[in-house]
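Worksheet for the structure shown next.
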Amino acid sequence: MDQIVIKGGKPLNGTIPIGGAKNAALPLMAASLLSDDVLRLSNLPHLADISTMTHLLNEMGVNISMEGDAPGGHMGKVFALDASGVKETTAPYDLVRRMRASVLVLGPLVAKHGHARVSLPGGCAIGTRPVDLHLKALEALGAEIELSEGYVEAKAPKGLVGGHVLFSNVTVGGTENILMAACLAKGETTISNAAREPEVSDLAHCLVAMGAKIEGIGTDTLKVQGVERLHGADYEVIVDRIEMGSYAVAAAVTGGDVVLKGGRIDLIEAVVDVMREAGVEIEEVEDGLRVSRKNGAIKGFDVMTEPYAGFPTDMQAQMMVLASVAEGASMITETIFENRFMHVPELVRMGADINVHGRSAIVRGVQKLSGAQVMATDLRASSSLVLAGLVAEGETVINRVYHLDRGYERLEEKLAACGADIERIRE
Ligand code: UD1
């Protein structure tokens with residue numbers, strides 16, 4: 001298994017291009033199942049999760065051709081997805097186990113083909129993460145759901161019928177699944193307490209480009225008028241706010257000065273507010289965001305993760321690194337996932353002073369972190385270890401790098417281009 005080796009202590013200076021959002025790209029790819037025409041997606045990041053979704057859709061009979069990089073200097077890939085030949089409506093355990101987001105094929109398949117069989121994702125490193133809300137929502141549109149042999153079987157032989165879906169908890173994937181399904185249901189669907197994450201809105205905009213009728217995009221109430229069919233479209237994936245936030249912390253924690261090319265403040269306002277409060281300078285520049293910390297120490301801060309527009313759970317681990325080297329104490333509270341502090345013992349091994357009490361972590365800033373052998377456990381936990389390695393004295397060796405490859409494209413190249421001493425050891 002590959003390792004990443006970092007010799008810390010170098011401020012980052014330069015430009016980092018930010019790619020398309022993985023969490024937008026995955027539902028957009030699943031949306032291709034709703035149409036018999038070609039959906040052309042551009043600015044797709046080159047990541048392991050995108051390959052897993054490609055594999056899953058391929059197995060169902062979606063023809064995916066790669067059309068190279070987008071013109072105009074885009075970094076991202078362009079895929080043309082043609083689902084006109086779909087024969088298979090099963091998502092097997094082997095792929096769903098690797099990537100929970102595979103469950104996003106459920107809504108489109110049952111809406112378009114009247115049938116879907118999708119493996120239950122099972123446990124996962126950051127909590128139990130059930131799909132009960134996805135299933136309840138589909139039932140509200142008339143799907144018959146059965147669970148057997150570890151699979152969800154959803155049927156709607158006469159098609160789905162619009163209805164009222166009220167989510168008891170904000171769920172990003174659940175909102176995306178039911179939004180896609182509702183586009184082809186008969187009549188009107190109202191989705192209340194819908195997730196407002198930018199990736200949900202990105203999906204909604206793409207569905208509209210495919211002919212869907214959706215009102216309330218960006219709010220917590222989505223109204224969908226079902227249509228007979230959706231057509232093809234050309235759509236560019238939104239920028240990855242979590243990649244952007246992660247590199248913003250990298251610049252801040254190393255006392256660097258970095259332009260995040262393609263970055264947008266409006267997508268990470270909650271993160272920007274906390275970072276500014278901590279003493280990090282963030283400004284909009286012509287081609288993105290500039291993040292710098294030239295003078296002065298970082299000040300402690302409090303963070304609580306919440307659904308969008310609150311502070312994103314996917315930035316919690318990275319902010320903990322900033323808190324670890326801040327002056328004074330910080331409190332970081334995780335309200336979205338029950339088991340999302342797995343990075344804590346690894347950061348403590350690097351010299352951080354962190355105590356977890358239930359859902360909250362008290363972080364007392366230390367003068368310095370020191371390099372160590374550490375283990376990546378999930379995607380964002382891994383990126384926090386990279387950030388800690390960048391600021392730590394000495395050498396940090398990160399094992400199980402495949403977690404990072406699920407969500408960060410060319411991470412070591414992007415950081416090395418800004419002066420980090422980082423390399424991947426391939427096995
Ligand atoms: C998505 C993101 C993930 C992010 C998360 C929260 C993708 C591919 N992944 O995950 O990076 O961390 O949003 O912003 O976009 N829940 C239930 N029942 C359900 C569904 C969810 O209890 O049926 C719970 C979950 O266990 C969790 C909470 O609701 O505690 C939020 O989960 P959800 O928003 O659904 O996360 P994902 O869509 O899986």
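One is the number of the first residue; the rest follow in order along the sequence. Atoms within each ligand, like the ligands themselves, are counted from 1 in listed order.
In terms of polar-atom proximity, L26 is not counted as a contact of ligand 1, lacking any N or O under 3.5 Å from an N or O of the ligand. Polar contact with ligand 1: absent for G174 (N/O pair, distance under 3.5 Å). The shortest N or O to N or O distance between A101 and ligand 1 is not below 3.5 Å. On a distance-only criterion, K22 and ligand 1 share no N/O pair closer than 3.5 Å. Between T171 and ligand 1, at least one pair of N/O atoms sits closer than 3.5 Å. Below 3.5 Å of separation, one finds no N or O of E176 facing any N or O of ligand 1.
Those atoms of ligand 1 that come under 4.0 Å of a heavy atom in T313, given as number and element, are 6 (C), 12 (O), 14 (O). Using a 4.0 Å cut-off to heavy atoms of G173, the atoms of ligand 1 that qualify are 35 (O), 38 (O). Each of the atoms 39 (O) of ligand 1 lies under 4.0 Å from some heavy atom of R100.
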request  = May I have the step-by-step check of side chain to side chain donor-acceptor pair (under 3.5 Å) for E334 and T313, ending in yes or no?
outcome  = CA-CA 7 Å; E334 173 61 56; T313 172; 3.0 Å; yes
task = I would like to know whether T377 and H343 meet side chain to side chain donor-acceptor pair (under 3.5 Å); could you show each step before the answer?
result = CA-CA 7 Å; T377 47; H343 42 287; over 6 Å; no
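Other residues, nucleotides and ligands place more than 12 heavy atoms under 6.0 Å from the CD atom of E283. Applying the 6.0 Å contact sphere to CZ of R400 captures no more than 12 heavy atoms from other residues, nucleotides or ligands. Sparse packing is recorded around NE2 of H46, with 12 or fewer heavy atoms of other residues, nucleotides or ligands lying under 6.0 Å away.
Atom CZ of R196 and atom CD1 of I217 lie 14.0 Å apart (nearest 0.5 Å). Annotation: the span from L12 atom CG to S292 atom OG amounts to 12.0 Å, rounded to 0.5 Å.
The nearest non-hydrogen atom to atom 20 (C) of ligand 1, considering only A21, A24, S102, P130, comes from P130.
Taking a 4.0 Å cut-off on heavy atoms, R340 registers as neighbouring ligand 1. Not a single heavy atom of N169 sits closer than 4.0 Å to an atom of ligand 1.
A salt bridge is defined here as a Lys NZ or Arg NE, NH1 or NH2 lying under 4.0 Å from an Asp or Glu carboxylate O, and R424 with E412 meets this definition.
Heavy atoms of I242 found under 4.0 angstrom from ligand 1: none, in either backbone or side chain.
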